[in-house]
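Right, one structure below, let's go through it.
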Amino acid sequence: MPLPAPIAQAFDRQAAACHDLGSPFNALLCETLRTHLSAESRFGRRVHDWPGQPVEDALALRVCGGLHALSRSGRCPTLAAAYPPAEPDTGRLREAVEAALDGHDDFLCDWLDSPPQTNEVSRSASILGGCLSVGLATGLPLEVYEIGSSAGLNLGFDRWHYDLGIAEWGSEASGVRIVSRCEGRLPLDAPLTVVHREGCDRNPLDPRSAADRERLLSYIWPGQAERSARIAAALKMAAEAGWRVERTDAAEWVEDRFARPGTPGRTRVLVHTIVWQYLPTDTQRRIEAAIRAAGTAATARSPVAWLRIEPDGVQGSAGVRLTLWPDGETRLLGRADFHGRWHRWDLPS
């Protein structure tokens, strides 16, 4: 029985995205599952009968993450042998998935309960550019609040070392090194001091937990060794730093944090990267109302900023947008690759 059309289209869409973002293996896996995943297993039946929206629920990435987790665990040698560094092979991969379903159906089915959490550290380059713009405009230290923080890795954006092509930024001693090809103007000499940072997530991962670290690494696409190493290094630094990520609803959290008066001499910054599309419409409305209410009360000595790196209809990239109060002006600062591999900035230097 073929996958229902909306679910098959979701796998096709994810395969195309994996091709574009440098993961031919994950693209082949999506194509193989789209064609060959039957409803005979508990796992397959759950995918066929998915009750939600397969694209919005990132169903294909849930499926790929579960199989990668099983491969990494070593509990299914046939599956592990089909994964990189082995060359992609459709027939071998199909047999490997069948072996995984035969022996680990319950594990794979239960994996689908939670949405993917990639916590892509290279997106920190987008946050860096936005916060440099805030620092240039206000000259004040920042309080950073991130929704959809996962394990909180991007909360440490100011502690990484960046090779931006046009220049380098950050400590040479940092264990996390990000390469992001940048074009345009970037105010690298702007003041940037983070005096407070915290985040929230509906299902936060603890970088100190071996199980949570493994879950996060399972969502890194197979064959992307540099990306895996970078996130592993960021997990280590986050565990040592102990940044707080609270388990809560994003709207409630933003309403609480931004209803409070700001501290004079600091800028409060609400940040999110590739999160907005996964939030219910009511949650989006509440967050926007809360941040705009805080902006209305902002002053030159206690500004409020809203930095979002989100898809905006331009194929293959996210818009980097900043609203800064008390003026309330919204600017498109630039465009970014979804995995932070490149940026095109239009910032004052």
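Only a predicted model underlies this, so the values are computations on that prediction, with no experimental measurement involved.
Looking at Arg123 and Asp337, no side-chain N of the basic residue comes within less than 4.0 Å of a carboxylate O on the acidic one, giving no salt bridge. Salt bridge annotation for Asp346-Arg331: absent, with no cationic side-chain nitrogen under 4.0 angstrom from a carboxylate oxygen. For the pair Arg45 and Glu40, the salt-bridge criterion is not met [side-chain N within less than 4.0 Å of a carboxylate O]. Taking 4.0 Å as the cut-off between side-chain N and carboxylate O, Arg286 and Glu288 do not count as a salt-bridged pair. Asp206 and Arg213 are not joined by a salt bridge, as no carboxylate oxygen comes within less than 4.0 angstrom of a charged side-chain nitrogen.
Taking hydrophobic clusters as Ile, Leu, Val, Met, Phe, Trp and Tyr residues chained together by side-chain heavy-atom distances below 4.5 Å, Ile178 shares a cluster with Leu186. Under a hydrophobic-cluster definition in which Ile, Leu, Val, Met, Phe, Trp and Tyr are linked whenever side-chain heavy atoms come within less than 4.5 Å, directly or via other members, Trp345 and Phe157 are assigned to the same cluster. Hydrophobic clustering (side-chain heavy atoms under 4.5 Å, transitive across Ile, Leu, Val, Met, Phe, Trp, Tyr) groups Leu3 together with Leu108. Following chains of ILVMFWY side-chain contacts shorter than 4.5 Å, one cannot reach Trp306 starting from Val194, and the two form parts of different hydrophobic clusters. A chain of hydrophobic side-chain contacts below 4.5 Å, direct or via other Ile, Leu, Val, Met, Phe, Trp or Tyr residues, connects Val245 to Met237.
Residues Asn203 and Arg247 bring a donor and an acceptor atom of their side chains to less than 3.5 Å of each other. A donor and an acceptor atom, one from each side chain of Ser124 and Trp160, are located under 3.5 Å apart. Counted by atom type alone, His161 and Arg177 present one or more donor-acceptor pairs between their side chains at under 3.5 Å. Side-chain atoms of Arg268 and Thr263 form no donor-acceptor pair, as typed in the model, at a separation below 3.5 Å. At a cut-off of 3.5 Å, with distance as the only test, no side-chain donor of Gln284 or Thr281 sits close to an acceptor on the other residue. The closest side-chain donor-acceptor pair between His272 and Glu310 falls under 3.5 angstrom.
The 12-atom threshold is not exceeded at CZ of Arg202, counting heavy atoms of other residues, nucleotides or ligands nearer than 6.0 Å. Applying the 6.0 Å contact sphere to CZ of Arg42 captures more than 12 heavy atoms from other residues, nucleotides or ligands. More than 12 heavy atoms of other shown residues, nucleotides or ligands fall within 6.0 angstrom of atom CZ in Arg75. Heavy atoms from other residues, nucleotides or ligands lying under 6.0 Å from CG of Asp106 number more than 12.
The two residues Gly199 and Leu155 have their closest heavy-atom pair at N-CD1, 3.9 Å. The two residues Ala251 and Asp249 make their nearest non-hydrogen contact at N-OD2, 3.1 Å. Contact between Leu322 and Gly130 at its shortest, heavy atoms only, is CD2-O, 4.4 Å. In plain terms, the two heavy atoms of Ile147 and Val275 that are nearest each other are O-CG2, 3.9 Å. Here the closest heavy-atom approach between residue Pro222 and residue Asn26 is recorded as CD-OD1, 3.4 Å. Heavy atoms only, all atoms of each residue included: Gln224 and Leu21 are closest at NE2-O, 3.2 Å.
Between Thr193 and Leu142 there is no side-chain heavy-atom pair separated by less than 4.5 Å. For the pair Glu31/Thr90, no side-chain contact is recorded, criterion being any heavy-atom separation below 4.5 Å from C-beta on. Inter-residue side-chain proximity for Pro311 and Ile274 is flagged as met; some heavy-atom pair is nearer than 4.5 Å. Side-chain contact between Val269 and Glu143 is absent, with no heavy-atom pair separated by less than 4.5 Å. The shortest side-chain heavy-atom distance between Val134 and Leu307 does not fall under the 4.5 Å cut-off. Considering only heavy atoms from C-beta on, Trp111 comes within 4.5 Å of Ser218 through its side chain. A heavy-atom distance below 4.5 Å is found between the side chains of Glu246 and Trp253. Contact annotation: the side chain of Leu37 approaches that of Phe43 to within less than 4.5 Å [non-hydrogen atoms, C-beta and beyond].
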Legend entry - Stepwise side-chain contact (heavy atoms from CB on, under 4.5 Å) check, Arg72 with His68: CA-CA 6 Å; Arg72 287 175 58 89; His68 193 201; 3.7 Å; yes

Legend entry - Check against side-chain contact (heavy atoms from CB on, under 4.5 Å), Tyr145 and Val254: CA-CA 8 Å; Tyr145 300 88; Val254 172; over 6 Å; no

Inset, instruction - Verify side-chain contact (heavy atoms from CB on, under 4.5 Å) between Arg344 and Trp342, making sure each step is shown before the conclusion. - result: CA-CA 7 Å; Arg344 299 191 186 104; Trp342 56 260; 3.4 Å; yes

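Within the 3.5 Å criterion, the main-chain N or O of Gln53 finds a donor-acceptor partner in the side chain of Asp57. In this structure, Ser150 contributes its side chain and Gly152 its backbone to no donor-acceptor pair below 3.5 Å. Side chain of Ser71 to main chain of Leu67: no donor-acceptor pair is present (N/O by atom type, distance under 3.5 Å, no hydrogens or angles). Remark: side-chain polar atoms of Arg257 are not paired, donor with acceptor, to backbone N or O of Glu255 under 3.5 angstrom. Under the 3.5 Å distance criterion, the side-chain polar atoms of Arg92 are matched with a main-chain donor or acceptor of Ala81. No side-chain donor-acceptor contact under 3.5 Å links Ser133 to the backbone of Gly129.
Rounded to the nearest 0.5 angstrom, Leu205 CG and Asp212 CG are separated by 4.5 Å. In this structure, CD on Glu240 lies 11.0 Å from CG on Leu235, to the nearest 0.5 angstrom. Here Leu324 contributes atom CG and Thr138 contributes atom OG1; the two are 7.0 Å apart, rounded to the nearest 0.5 Å. Atom CD of Gln117 sits about 5.0 Å away from atom CG of Asp201, to the nearest 0.5 Å. Atom-to-atom distance recorded for Trp325:CH2 and Thr330:OG1 is 6.5 Å, nearest 0.5 angstrom. Distance check: His104 NE2 to Cys109 SG gives 14.5 Å after rounding to the nearest 0.5 Å.
Figure legend: cation-pi geometry between Arg46 and Trp50 absent, as NZ or CZ is not positioned both under 6.0 Å from the six-membered ring centre and within 45° of its axis.
With sequence neighbours left out, Trp221 forms a ring-ring contact (aromatic ring centres under 6.0 Å, His included) with His339.
Tested against Ser122, the residues Arg227, Glu226, Arg230, Arg341 include a single side-chain hydrogen bond (donor to acceptor under 3.5 Å, both in side chains) partner, Arg230.
Pairs engaging residues 13-41 under the ring pair (Phe, Tyr, Trp, His ring centres under 6.0 Å) rule: Phe25-Tyr83 [sequence neighbours left out].
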